[in-house]
Amino acid sequence: MALKPVILLHDLDNRMVDRWARLIGESGRYATINTYNETHAREAIRQYNRGFGLLTNRLACLITGWNSHRRPAEQLLFRLRREERRSPLRRPTPVIVITEDHRRDLKTEALDPEHGRASAYLDADDFENTLVNLLDRIVFEQGAAELNSIAYARLRRDSRPV
């Protein structure tokens with residue numbers, strides 16, 4: 001029996017994490033680690049590191065929201081990216097951001113291929129229909145970079161004046 005890909009879930013809103021976990025669990029294709037604070041999320045990331053953090057970690061995907069009490073540079077997504085940049089042998093961990101915060105600057109930073117590289121930026125009110133399909137594309141079709149390119153291009157297209 002093969003092990004299921006592990007998805008790390010992190011948000012300060014416990015109910016949101018539980019909703020994500022329930023939806024993902026119903027698919028039967030993934031195992032989840034639910035974390036309700038950044039300390040536990042960072043510890044889970046550390047535990048799934050390979051080669052003392054020099055190689056890509058074993059997490060299949062990270063799903064997170066924004067912490068409204070922190071500046072953008074201090075968000076878990078950007079802390080993860082800084083850690084990953086320390087080693088040329090490490091590829092970025094796929095990330096999906098699900099949030100109620102629709103600030104254009106945050107969305108741009110999260111999707112930017114040089115900084116956040118998030119594969120998707122979903123609304124907290126209507127992610128249910130797309131989340132598992134996105135995970136399937138990211139995990140089983142290795143589509144994280146492609147999804148990031150599509151989402152970033154769509155954001156740039158939508159922000160152009162008409």
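Bear in mind that the values here come from a model prediction, so they are computed numbers and not experimental data.
Between Trp20 and Phe127, the two ring planes are perpendicular [angle over 60°; tilted spans 30° to 60°].
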- Message: Test side-chain contact (heavy atoms from CB on, under 4.5 Å) on Arg104 and Leu155; report intermediate values, then the result.
- Response: CA-CA 9 Å; Arg104 186 157 209 63; Leu155 173 69; 3.4 Å; yes
- Applying side-chain contact (heavy atoms from CB on, under 4.5 Å), run through Leu80 and Val95 and close with a yes or a no. CA-CA 10 Å; Leu80 174 65; Val95 174; 4.2 Å; yes
- Task: I would like to know whether Glu141 and Glu146 meet side-chain contact (heavy atoms from CB on, under 4.5 Å); could you show each step before the answer?
- Result: CA-CA 10 Å; Glu141 298 174 22; Glu146 178 187 3; over 6 Å; no
- Task: Tell me, with the steps shown, if Arg91 and Glu84 meet salt bridge (Lys or Arg N to Asp or Glu O under 4.0 Å).
- Result: CA-CA 7 Å; Arg91 290 188 324 264; Glu84 291 170 339; over 6 Å; no
- Task: Determine, step by step, whether Leu9 and Thr35 satisfy the side-chain contact (heavy atoms from CB on, under 4.5 Å) criterion, reporting the C-alpha distance in whole Å, the side-chain angles of both residues, the deciding distance to 0.1 Å, and the verdict.
- Result: CA-CA 6 Å; Leu9 310 176; Thr35 59; 5.8 Å; no
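Residues Arg103 and Asp105 share a closest heavy-atom pair of NH2-OD2, 2.6 Å. The two residues Ala124 and Met16 have their closest heavy-atom pair at CB-CE, 3.5 Å. The shortest heavy-atom contact between Asp11 and Gly65 is OD2-CA, 3.2 Å. The shortest heavy-atom contact between Pro72 and Phe78 is O-CD1, 2.9 Å. Pairing each heavy atom of Ile33 with each of Ala44, the nearest pair is CG2-CB, 4.4 Å.
Summarising the geometry, atom CG belonging to Asn148 is positioned 6.0 Å from atom OG belonging to Ser119; distances are rounded to the nearest 0.5 Å. Note that the OG1 atom of Thr108 and the OH atom of Tyr121 stand 9.0 Å from one another [nearest 0.5 Å]. Rounding to the nearest 0.5 Å gives a distance of 5.5 Å between CD1 of Ile96 and CG of Leu131. A distance of 11.0 Å separates CG of Asn34 from CZ of Arg22, quoted to the nearest 0.5 Å. Between the CD1 atom in Ile24 and the CD1 atom in Ile63 there is a gap of 3.5 Å [rounded to 0.5 Å]. The distance from the NE2 atom of His10 to the CG atom of Asn67 is 6.5 Å, given to the nearest 0.5 Å.
Residues Asn49 and Arg90 have side chains that bring a donor and an acceptor to within less than 3.5 angstrom of each other. Checked by atom type, the side-chain pair Asp18/Tyr36 shows a donor-acceptor distance below 3.5 Å.
Follow the hydrophobic side-chain contacts under 4.5 Å out from Ile138 and you reach Phe140 in the same cluster. Transitive grouping of hydrophobic side chains (ILVMFWY, heavy atoms separated by less than 4.5 Å) brings Leu122 and Leu147 into a common cluster. Under the 4.5 Å side-chain heavy-atom criterion for Ile, Leu, Val, Met, Phe, Trp and Tyr, Leu59 and Val17 are members of distinct hydrophobic clusters. Linking Ile, Leu, Val, Met, Phe, Trp and Tyr residues whenever their side-chain heavy atoms come within less than 4.5 Å places Leu77 and Val6 in a single cluster. One hydrophobic cluster, built from ILVMFWY side chains closer than 4.5 Å, holds both Ile98 and Tyr30.
Within 6.0 Å of atom CZ in Arg85, more than 12 heavy atoms from other residues, nucleotides or ligands are found, so the atom counts as buried in its surroundings. Enclosure of atom CD in Glu100 is not indicated, since only 12 or fewer non-hydrogen atoms of other residues, nucleotides or ligands lie within 6.0 angstrom.
A donor-acceptor pair under 3.5 Å is formed between the side chain of Arg79 and the backbone N or O of Glu74. Counting only distance, with no hydrogens or angles, the side chain of Arg81 and the backbone of Thr93 share a donor-acceptor pair below 3.5 Å. Proximity of a side-chain donor or acceptor of Arg117 to a complementary backbone N or O of Pro113 within less than 3.5 Å is detected. Remark: side-chain polar atoms of Arg82 are paired, donor with acceptor, to backbone N or O of Ala73 under 3.5 angstrom.
Side-chain contact between Val132 and Leu23 is present, with heavy atoms from C-beta onward closer than 4.5 Å.
Checked for salt-bridge contact, Arg29 and Asp136 meet the test: a charged N lies under 4.0 Å from a carboxylate O. A salt bridge does not link Arg42 with Glu83: every distance from a Lys NZ or Arg NE/NH1/NH2 to an Asp or Glu carboxylate oxygen is 4.0 Å or more. With respect to Glu38 and Arg70, a salt bridge is recorded, a charged nitrogen being found less than 4.0 Å from a carboxylate O.
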